[in-house]
Amino acid sequence: MDNREAQRELQRQQSNRNELVERIARTLPEDGTLDVSTSFRLARSSRPTDPIHSMYQPAFCVVAQGRKQALLGEEVFRYDPGHYLIYTVDLPLTFRVEEASKERPYLGFRLNLDSSLVASVMMESGIEPKKGGARLKAMDVSPMDANLLDAVVRLVRLLDAPVEHMVLEPLIIREIVFRLLVGGQGARLSHLLASGGDTRRISRAIGYLRENFDQTLRIDDIARELGMSVSGFHHHFKSVTAMSPLQFQKQVRLQEARRLMLGEDLDAASAGFRVGYEDPSYFSREYKKLFGAPPQRDIARLRSNLEL
């Protein structure tokens, strides 16, 4: 690529970034989120936010303006308009908007990654699933290339064309998945495929832990069920999630307890018992480590924020 072509490419990217900012800001004139469809969501915040803890399904995330942080275990991932975030298994994550103001609000886009769609795009394009997926962390930040950004802008542009939206949204989403595959995310996206091997085993283990978080964790039984050694299971699980199975279960338990206290008005002891903690004091200590305050104080703060 000569200097003239490189300059045109930079101009195209900047034009697309500007358009993405303008369209999201116009669609969301106030702070909040908008689920455009079952596939993608837009978000706006005029100030940095407190950490938000939850279980998140696989997704591709873009920042149009501002900067955001994601925490996976002890690892911090930061992304901005020049970088996207991708995660390809269900994970207990903590998100926080780091850079935002009334003059330049944070503006974001998130596309859910569907396993059947990823498999279909792989088959139609002839792209082979990359090996080594079970040794590859399920979450990463990568540079945003011009063609991927262009597809995101065209998808958001459809908000102003309802008839075209119905026809073209699925096609552009397929293009985004294709560009992720050819852009070096093939091995990571293989976590979503119902294939054999260690990749699929770890995905099954994550599903099991999500559904049975309140049960006593028996690593030997899970490893045996998956046809893996205990050490191999531990190693591959941590490679993908950046957490041990016990740490993963603990985060899922504590996030569910928080939901129960906030949404169903349970007291701390009852919520802790529901998610598998028999000792209320131990539950409170673990809760404070994750959320920064004891259960009662944390829930009171969350309710106060909701009333603002």
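Here the side chains of V36 and V156 are not in contact, with every heavy-atom distance at 4.5 Å or above. Residues Q185 and D140 are in side-chain contact: their nearest non-hydrogen atoms beyond the backbone lie under 4.5 Å apart. Residues H83 and S142 are not in side-chain contact: their nearest non-hydrogen atoms beyond the backbone lie 4.5 Å or more apart. A heavy-atom distance below 4.5 Å is found between the side chains of I219 and H234. Looking at I172 and L158, their side chains come closer than 4.5 Å, going by heavy atoms from C-beta outward. Side-chain atoms of P294 and S284, non-hydrogen and from C-beta on, never get closer than 4.5 Å to each other. Side-chain contact between L180 and I86 is present, with heavy atoms from C-beta onward closer than 4.5 Å. Looking only at side-chain heavy atoms (C-beta outward), L254 and E286 come within less than 4.5 Å of each other.
The main-chain N or O of V153 is never found under 3.5 Å from a side-chain atom of D150 such that the two would form a donor-acceptor pair. Under the 3.5 Å distance criterion, the side-chain polar atoms of R253 are matched with a main-chain donor or acceptor of F213. Judged by distance alone, with hydrogens and angles left aside, the side-chain atoms of Q251 form no donor-acceptor pair with the main-chain N or O of L93 at under 3.5 Å. Side-chain atoms of T241 come within 3.5 Å of backbone N or O of F237 as a donor-acceptor pair. Looking only at distances, a side-chain donor or acceptor of S239 sits under 3.5 Å from a matching main-chain atom of H235. When atom types are taken as modelled, the side chain of N112 and the backbone of T38 share a donor-acceptor pair closer than 3.5 angstrom.
Atom OH of Y56 and atom CZ of R110 lie 7.0 Å apart (nearest 0.5 Å). In this structure, CD in Q247 is found 5.5 Å from NZ in K238, a value given to the nearest 0.5 Å. To the nearest 0.5 Å, atoms CG (L107) and CG (L20) are separated by 8.0 Å. Here R179 contributes atom CZ and R174 contributes atom CZ; the two are 14.0 Å apart, rounded to the nearest 0.5 Å. How far CD of E98 is from OG1 of T49: 9.5 Å, rounded to the nearest 0.5 Å. From S120, atom OG reaches atom CZ of F178 across 13.0 Å, with rounding to the nearest 0.5 Å.
Follow the hydrophobic side-chain contacts under 4.5 Å out from M55 and you reach L302 in the same cluster. Under the 4.5 Å side-chain heavy-atom criterion for grouping Ile, Leu, Val, Met, Phe, Trp and Tyr, L85 is connected to I52 within one hydrophobic cluster. Follow the hydrophobic side-chain contacts under 4.5 Å out from Y106 and you never reach V76; the two are in separate clusters. At a threshold of 4.5 Å between side-chain heavy atoms, the hydrophobic network of Ile, Leu, Val, Met, Phe, Trp and Tyr places L266 and F283 in one connected group. Criterion: ILVMFWY side-chain heavy atoms under 4.5 Å apart, direct or through other members. Under it, Y282 and L260 are part of a common hydrophobic cluster.
Heavy-atom neighbours of R4 CZ from other residues, nucleotides or ligands within 6.0 Å: at or below the threshold of 12. When the shell of 6.0 Å around CD of E22 is examined, it contains more than 12 heavy atoms from other residues, nucleotides or ligands. The environment of CD in Q14 is crowded: more than 12 heavy-atom neighbours from other residues, nucleotides or ligands sit within 6.0 Å. For E264, the CD atom counts as densely surrounded, since its 6.0 Å shell holds more than 12 non-hydrogen atoms of other residues, nucleotides or ligands. Residue R12 qualifies as enclosed at atom CZ: its count of foreign heavy atoms under 6.0 Å is above 12.
Salt bridge annotation for E256-R274: absent, with no cationic side-chain nitrogen under 4.0 angstrom from a carboxylate oxygen. Salt-bridge formation is detected for the pair K137/E75: a Lys NZ or Arg NE/NH1/NH2 atom is positioned less than 4.0 Å from an Asp or Glu carboxylate oxygen.
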> Please walk me through it: do S46 and D31 pass side chain to side chain donor-acceptor pair (under 3.5 Å)?
Replying inline: CA-CA 6 Å; S46 58; D31 287 1; 2.7 Å; yes
> Run the side chain to side chain donor-acceptor pair (under 3.5 Å) check on T94 and H53 step by step: do they pass?
Replying inline: CA-CA 4 Å; T94 303; H53 307 259; 2.9 Å; yes
> So R258 and D298, salt bridge (Lys or Arg N to Asp or Glu O under 4.0 Å) or not? Walk me through it.
Replying inline: CA-CA 9 Å; R258 197 187 207 197; D298 177 59; 2.9 Å; yes
>> For a salt bridge (Lys or Arg N to Asp or Glu O under 4.0 Å) check, start with the C-alpha distance between E164 and R157, then their side-chain angles and the critical distance, and finish with the verdict.
In response: CA-CA 10 Å; E164 292 180 13; R157 195 181 289 158; over 6 Å; no
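Residues satisfying the ring-ring contact (aromatic ring centres under 6.0 Å, His included) criterion with F40, sequence neighbours excluded, are F109.
Hydrophobic side-chain contacts under 4.5 Å tie M123 to no other Ile, Leu, Val, Met, Phe, Trp or Tyr residue.
Between F273 and Y277, a ring centre-to-centre spacing not shorter than 6.0 Å is recorded. Less than 6.0 angstrom separates the ring centroid of Y84 from the ring centroid of F60.
The heavy-atom pair separating G32 from L28 by the smallest distance is O-CD1, 3.8 Å. The heavy-atom pair separating V89 from A138 by the smallest distance is CG2-CB, 3.5 Å.
When each of R104, R47, K68, R67 is tested with E99 by the rule salt bridge (charged side-chain N to carboxylate O under 4.0 Å, His left out), just one qualifies, namely R67.
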